[in-house]
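In what follows, chains are A, B, ... by sequence order, proteins preceding strands, each numbered from 1.
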Amino acid sequence: MDYKQIVAEDLSAQLSEHLTTEEIYNLLEKPKNEEHGDLAFPTFQLAKVFRKNPAEIASDISGDFSSEIVSSVNVVGPYLNFYLDKGEVSAEVLGEIISKKQHYGNSDVGAGKNIPLDMSSPNIAKPMSMGHLRSTVIGNALANIVEKLGYEPIKINYLGDWGTQFGRLITAYKLWGEEEKVRANPIAELNELYVRFHEELEEEPELESVGREWFRKLEAGDEEATELWRWFREESLNEFHTIYERLGITFDSMDGESFFNDKMDEVVDILIEKELLVEDQGAQVVRLDQYDLQPALIKKQDGATLYITRDIAAALYRKRTYDFEQALYVVGQDQIYHFNQLKAVLRTMGYDWEEDIHHVIFGLISIDGAKMSTRRGKVVLLEDVLNEAVERALTQINEKNPNLANKEEVAEKVGVGAVVFHDLQHDRRNDFNFNLDDIVQFEGETGPYVQYTRARALSILKKANVDADYFKDNNKFSLTDDYSWSIVKLIQSFNGVLARAHREFEPSIVAKHALSVAQAFNKFYANVRVLDDNPEKDSRLALVYAVALMLEEDLRILGVQAPDEM
RNA sequence: GUACCUGUAGCUCAGCAGGAUAGAGCAUUCGCCUUCUAAGCGAACGGUCGGGGGUUCGAAUCCCUCCAGGUACGCCA
């Protein structure tokens, strides 16, 4: 139920001559200070039409207010402050979440519409870094968000399994590689070869053309090149898989860049047919002057294709295959220019659906102020961070809850959860400097704090010996104290949270919701006794249950697992 | 040089289509475990919202400009 709408309609009865219900709805705001009520209506804008000062208008309107859901209306200067009926609203909100459980907040606005998400995209033969974590968890959370809104998310792991780099890697392997070493430790060994290639390149610039030649062969289907490439890819995927498993993330498609190798001729053909492809300095380009962009390089001098060529092919393929409503590309902000070019090329090709392509940018992670770079060996490996986080979580458990059963399992959830939550709680555009102590933090606004709050809630339910069935036959849980009321309002706001998170492609809005619910519950917990015998015990238990459901759903959307005890 | 992103408390950040005294967390100091998990709760301390103009009844929020940091700008992805 949308209480704002009800209040807006009621106000509209008096103001319809001057403002539409929708305008009133948009003017209604949530007061920053809870003492100012649950909804506020500022009257400044009416001052001109009424030819009165705002404060006077406010007191004039307040008299004729009739909505049942509103318990009182206070006039404070130019503001009309509405106080909702806590008993009524809490009964309704708690009843709804308890009956819907994990379906609370679901809607069907996106029914029948597809949203492919280009995400994660690790590079074959390179270790997954913290940067890949961002793309992976942001993409995963967005997929969960749009799914709640009824859309069909298609999580595509656009693997970096093609490109000139493989020519280099093959060159390096043939020069210095050993099969046994690669088999024993594939990614580490291959990455070392790749780094060595770039080191030796300083001394021997001609290596570059050897690398290019190998990639050309690979594109042409040369047997030896293909065999090596396939092997590198397979070994790498095995290693990636263990990390995805730890993160609890699956994909609907593993169509990486190589998948489009045989689909690029078509792109070139279409560009030629539309007379968009021109030669420039020996390369084939599409001019984008009308968009104030540099030309997009479609084919290099040696005829090999480039990143954008594959992305054009991928976009065409995805449009045909999924007929998407939106296509999200969860890729770092350093590729803004590339996506501007991509969209511009699609536009010049006459595809107006390029408007549905959204580059969901995220900020870059630096180390001591410098950008991460695999080539220079300057990376923070995701696996190391996860392991360290889990280890610290285990230490914490031994200290705080030494009798806990299955400590390792809980430590895994808490440690990994801390890392994932940390990545999702801030505006995705923020750059940040890598700091392990910040990431593996368990107190305050953190993932473990939310997990812990949920565990406390579950603990109460366990002590009270109640489960979901307990609440089945009783739909009237009514609470009027301020601690409960804060929680009820937050639960009620969940629909808006989801809508906004989708509109802005911003998982942090969900993370902040989780934190707010946890904070409100911990205040409640410190001030309100649930298990004592009193008339409100059942309603309080219902609230505790609702909080557990809400936190679990927030965390699930974010891709954070929640242990029942910790 | 051009474009985009960012600039709010010592640190990390909120502040959602402008609205009532600018909010959290961390750190520091001090309280609260004979009560449902103290990974918690409370209090104190801490800010010329990068600077300057402008629009507005009202600007951290919108516009202009300057400053600082980051990123990207044809044969990497």
Would you classify A:Glu565 as touching base, sugar-phosphate or nothing, given that sugar-phosphate means primed atoms plus P, OP1 and OP2, and contacts are heavy atoms under 4.0 Å? base
May I ask you to verify if any side-chain N or O of A:Lys512 is less than 4.0 angstrom from the OP1 or OP2 atom of B:C13? no
Counting the atoms with a prime plus P, OP1 and OP2 as sugar-phosphate, which does A:Thr164 contact under 4.0 Å by heavy atoms, base, sugar-phosphate, or nothing? sugar-phosphate
Integer angstrom distance from the C1' of B:C11 to that of B:G52: 28 Å
Please examine the side chains of A:Leu133 and A:Val419, heavy atoms only from C-beta on, and report whether any two atoms are closer than 4.5 Å. yes
At 4.0 Å (heavy atoms only), tell me whether A:Pro54 reaches a base, stays on the sugar-phosphate, or touches nothing. nothing
Report which part of the nucleic acid A:Val414 touches: base, sugar-phosphate, or nothing (heavy-atom distance under 4.0 Å, all strands). base
Taking the P atom of each, how far is B:C49 from B:G23, in whole Å? 14 Å
When you check the phosphate oxygens OP1 and OP2 of B:U37, does a side-chain N or O of A:Lys462 lie under 4.0 Å from one of them? no
Considering only heavy atoms and no angle criterion, is a donor-acceptor pair shorter than 3.5 Å present between the side chain of A:Asn81 and the base of B:A20? yes
Separation between the C1' atoms of B:U2 and B:U61, rounded to whole Å: 27 Å
Could you tell me whether A:Gly160 contacts a base, only the sugar-phosphate backbone, or nothing, with contacts defined as non-hydrogen atoms closer than 4.0 Å? nothing
Below 4.0 angstrom from OP1 or OP2 of B:G70, is there any side-chain N or O of A:Arg429? no
Quick one: label A:Ala40 by what it contacts on the DNA or RNA (base, sugar-phosphate, nothing), any heavy atom closer than 4.0 Å. base
Applying a 4.0 Å non-hydrogen cut-off, can you work out what A:Ile308 is touching in the nucleic acid: base, sugar-phosphate, or nothing? nothing
If you check every side-chain atom of A:Ile336, which of B:C41, B:C4, B:A60 has the closest atom? B:C4
Checking all strands, does A:Asp427 fall into the base, sugar-phosphate, or nothing category for heavy-atom contacts under 4.0 angstrom? sugar-phosphate
Report the C-alpha separation of A:Asp554 and A:Phe494 in whole Å, then their side-chain angles, then the decisive distance to 0.1 Å, and conclude whether the side-chain contact (heavy atoms from CB on, under 4.5 Å) test is met. CA-CA 9 Å; A:Asp554 274 332; A:Phe494 189 52; 3.3 Å; yes
Within the 4.0 Å heavy-atom criterion, would you say A:Val528 contacts the bases, only the backbone, or no part of the nucleic acid? base
A:Asp302 near the nucleic acid: base, sugar-phosphate alone, or nothing, with a heavy-atom cut-off under 4.0 Å? nothing
Using only atom types and a distance under 3.5 Å, with no angle test, would you say the side chain of A:Asn534 pairs donor to acceptor with the backbone of A:Lys537? yes
Can you tell me if A:Arg216 touches the phosphate of B:C75, counting only side-chain N or O atoms and a distance under 4.0 Å to OP1 or OP2? no
Say we look at B:A14 and B:A24: how far apart would their P atoms be, to the nearest angstrom? 16 Å
Need one value for A:Asn53: base, sugar-phosphate or nothing, where a base atom within 4.0 Å counts as base even if backbone is also close, heavy atoms only. nothing
Pair pattern of RNA chain B in dot-bracket, where unpaired bases get dots and | marks partners in another strand, Watson-Crick or G-U under 3.5 angstrom: (((((((..((((.....[...)))).(((((.......))))).....(((((..]....))))))))))))....
Considering only B:U37, B:C26, B:C73, which nucleotide approaches the side chain of A:Ile460 most closely? B:U37
Contact class for A:Gln519 (heavy atom, under 4.0 Å): base, sugar-phosphate, or nothing? sugar-phosphate
What contact category does A:Gln281 fall into here, base, sugar-phosphate, or nothing, at under 4.0 angstrom with non-hydrogen atoms? base
With heavy atoms under 4.0 Å as the rule, sort A:Tyr452 into base, sugar-phosphate or nothing. base
Would you check if the side chain of A:Ser459 reaches a backbone N or O of A:Ala455 as a donor-acceptor pair within less than 3.5 Å? no
Give me the distance, rounded to whole Å, that separates B:G58 from B:G53 when you measure between the P atoms they each carry. 16 Å
What's the base orientation of B:C33: syn (chi within 90° of 0) or anti? syn
